[in-house]
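Written below as structure tokens is the structure these notes are about.
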Amino acid sequence: MTIRPRFVVLSAAVAASVLAAGIAMIGTADAASTLGASAAQSGRYFGAAIAAGRLSDGTYTGILNREFNSVTPENEMKWDATEPSRGSFNYTNGDRILNQGVSMGAKVRGHALLWHAQQPSWAQSLSGSTLRSAAINHVTQVATHYKGKIYAWDVVNEAFADGGGGGRRDSNLQRTGNDWIEAAFRAARAADPNAKLCYNDYNTDGVNAKSTGVLNMVKDFKARGVPIDCVGFQSHLGTGIPGDYQSNLQRFADAGVDVQITELDVAQGGNQATVYAGVTRACLAVSRCTGITVWGIRDSDSWRTGENPLLFDNSGNKKAAYTSVLNALNAAGPTNPTTSPTTSPTTTPTTPPVGGGCSASTSLNQWNGGYVATVRVAAGSSAVNGWTVSLTLPSGSALTSVWSATNTGSSGAVSFRNVSYNGQIAAGGYTEFGFQGTGTGPAGTPACQAG
Ligand code: 9MR
């Protein structure tokens, strides 16, 4: 659904009284009436974790189809589900989630390739190089099965320890060597170059030792060219939101990764609607926060039994928290947030699209001998249906990987075409793709051709 921005002209007196009443006007004239459509106004998604076993429940799928434009399998793509015995893969339920997402035109987040929990028993009993090669094979096989279909993969889940140290969690995977995480990310990139690759964790929702440990890993990966595109913040919250929630997201964005709220749920209590709205506003205020996923649909679908932490009650009715999220999304209006995107070393200014069409801008994370470029493709005043970005790589530079686009050429004049899930951009919205290369990254503003 395309949301057309319409601005209301008010007399000064009316405007003053409206402002005095504290009513947010931007976007209310054409406010979108579902979570997905209202998030799409700023180029974001609003998703839910879903369970294959509930897809035959009409109330459940009715809400899912109506409200959400992204899905995450709650359990169906985990290691125990997809490789129940070594080398023997079962994608039945994972594919059901994928197909549900495809039928909705939704993004599909893959969750999760490697995790210390929910391992099949055969993997739990392995160690050392045998476990390492089984784990990397698992990443390769599953990411290959879903190649081209997944918007973002949680490649590694919950690998950092709780408490004050900021270090890794002990696990059988960690005991194969500290480089297991980067090995997993490299294998995932090789298997599905177009999926965004995320690290995902909990208790990282504010600035603390654990989130700082994850941030340091991201910076290290970026500096060494290990492919990582995004960090997921699970946000299983109690009755409050960390005061530095937004600034924590921003410091990851500033390190050159997208951020996503991946498993949001909030204990029911007096503050539930306020906390939900606060999380939503924080994401909207961080330009690299690409979307929000709630961990279930109705309270009765939640893993947090008895806490009623979701947006719909047991009967599927919208709760106050639902309304507060929808209002926060609509209050952001039909344009992208204006916060500065990243503090990457080199950023070309975005050329404002004139009328329809598209524009592109590049931010570079560069090191001696290589770089990662993130390219933002923005629609003008009309929705874009397909896009091609063209640029020239400097002499000595060659592409080594491309994600969320397909390239023609790998040195000199190169162009990048959208993939299936990011060709359509709402008016005023944007999407991003990226590439890694040798040598020095491209300078200047790339050309963008819509259609
Ligand atoms: O919601 C999931 C629940 O159905 C499973 O029993 C549980 C098993 O560990 O995993 C739950 O999902 C978790 C997610 O995969 C990772 N972050 C924490 C989530 C809640 O436990």
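Just follow the structure's listing: the first ligand is 1, and inside any ligand the first atom is 1.
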task: Check whether any N or O atom of Trp115, backbone or side chain, sits under 3.5 Å from an N or O atom of ligand 1, and answer yes or no.
output: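 The answer is no, given that Trp115 and ligand 1 share no N or O pair closer than 3.5 Å.
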Look at [atom] and say which protein heavy atom is nearest, naming residue and atom and giving the distance to 0.1 Å.
atom: atom 9 (O) of ligand 1; answer: Gln118 OE1, 3.2 Å
atom: atom 11 (C) of ligand 1; answer: Lys78 NZ, 3.7 Å
atom: atom 6 (O) of ligand 1; answer: Asn75 OD1, 4.4 Å
atom: atom 16 (C) of ligand 1; answer: Glu158 OE2, 3.2 Å

message: Would you say that Asp205 contacts Val279 through its side chain, given a criterion of any heavy-atom pair below 4.5 Å between the two side chains?
response: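 Not touching, per the 4.5 Å side-chain cut-off.
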Please state whether the rings of [X] and [Y] are parallel, tilted or perpendicular, taking 30° and 60° as the class boundaries.
X: Phe252; Y: Phe233; answer: perpendicular
X: Phe435; Y: Phe416; answer: parallel
X: Phe221; Y: Phe185; answer: perpendicular
X: Tyr91; Y: Phe89; answer: parallel

Interfacing atoms of ligand 1 (cut-off 4.0 Å, heavy-atom, [X]):
X: His236; value: 18 (C), 19 (C)
X: Asn157; value: 16 (C)
X: Glu74; value: 1 (O), 2 (C), 3 (C), 4 (O)
X: Trp295; value: 1 (O), 2 (C), 12 (O), 14 (C), 15 (O), 19 (C)

- request: Look at atom 19 (C) of ligand 1 and find which of Arg304, Gln234, Glu263 reaches it with the closest heavy atom.
  value: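 Residue with the shortest heavy-atom distance to the ligand atom: Glu263.
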message: Consider side-chain hydrogen bond (donor to acceptor under 3.5 Å, both in side chains). Of Asn157, Asn203, Asp201, which one does Gln234 pass it with?
response: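 Single side-chain hydrogen bond (donor to acceptor under 3.5 Å, both in side chains) partner of Gln234 among Asn157, Asn203, Asp201: Asn157.
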message: Below 4.0 Å, non-hydrogen atoms only: which portion of Asn200 touches ligand 1? Side chain, backbone, both or neither.
response: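 None of Asn200 does.
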task: Could you pull out the closest heavy-atom pair between Gly36 and Asn69, with the gap in Å?
output: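 For Gly36 and Asn69, the tightest heavy-atom pair comes out as O-ND2, 3.1 Å.
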message: Quick check: closest heavy atoms across Ile261 and Cys289, and the distance to 0.1 Å?
response: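 It is CG1-SG, 4.3 Å.
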